[in-house]
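Report on the structure given below.
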Amino acid sequence: MYEDQAIALLAQAAQAANVRLRVLWDQRDANVWFCGPAGFGKALCQDLIALGWPAHRFHQELFAMC
């Protein structure tokens with residue numbers, strides 16, 4: 001389910017972390033695709049799973065800064 005409040009909180013967190021956030025929503029086949037720092041990705045995945053999001057619908061590409 002798309003929730004405006006949840007998306008607003010995610011947008012605030014992304015902005016605070018200087019992360020570009022793009023939200024595209026199609027509830028029928030929704031997946032989350034994340035590219036960014038490992039810690040942020042892990043936290044995002046854990047939070048989504050806690051909200052009932054299917055783990056197989058979370059995809060990530062992690063990077064580290066030198």
Side-chain angles (χ1 to χ4, degrees):
M1 175 187 312
Y2 182 98
E3 301 222 3
D4 290 331
Q5 184 178 8
I7 298 301
L9 290 172
L10 182 58
Q12 288 175 348
Q15 183 178 15
N18 199 28
V19 171
R20 184 183 319 171
L21 174 69
R22 293 184 186 169
V23 177
L24 307 171
W25 188 258
D26 181 348
Q27 191 171 354
R28 295 169 293 160
D29 296 313
N31 285 275
V32 172
W33 295 86
F34 172 77
C35 179
F40 191 84
K42 182 177 179 180
L44 178 59
C45 183
Q46 289 172 343
D47 289 348
L48 288 170
I49 290 171
L51 291 170
W53 194 266
H56 71 277
R57 291 196 168 185
F58 181 81
H59 313 276
Q60 60 185 349
E61 180 177 333
L62 304 175
F63 66 82
M65 304 287 282
C66 300

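What you are looking at is a predicted structure, and each value in this text was computed from that prediction instead of being measured. Keep in mind that the numbers below use all heavy atoms, side chains included, and drop hydrogens, waters and symmetry copies.
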Taking a hydrophobic cluster as the set of Ile, Leu, Val, Met, Phe, Trp and Tyr residues connected by side-chain heavy atoms closer than 4.5 Å, whether directly or through intermediates, do Ile7 and Val32 fall within one such cluster?
yes
Do you reckon Val23 sits in the same ILVMFWY cluster as Leu9, going by side-chain contacts under 4.5 Å, direct or chained?
no
Can you measure from NE2 (His59) to CZ (Phe34) and round to the nearest 0.5 angstrom?
14.0 Å
Using the ring-ring contact (aromatic ring centres under 6.0 Å, His included) criterion, which residues pair with Phe58? Sequence neighbours excluded.
none
Please list, chain by chain and in numerical order, all residues satisfying side-chain contact (heavy atoms from CB on, under 4.5 Å) with Leu10, sequence neighbours excluded.
Leu21, Leu44
Residues in side-chain contact (heavy atoms from CB on, under 4.5 Å) with Gln46, at least two apart?
Lys42
Return the minimal non-hydrogen interatomic distance between Ala13 and Phe40, and the atom names on each side.
O-CE1, 4.5 Å
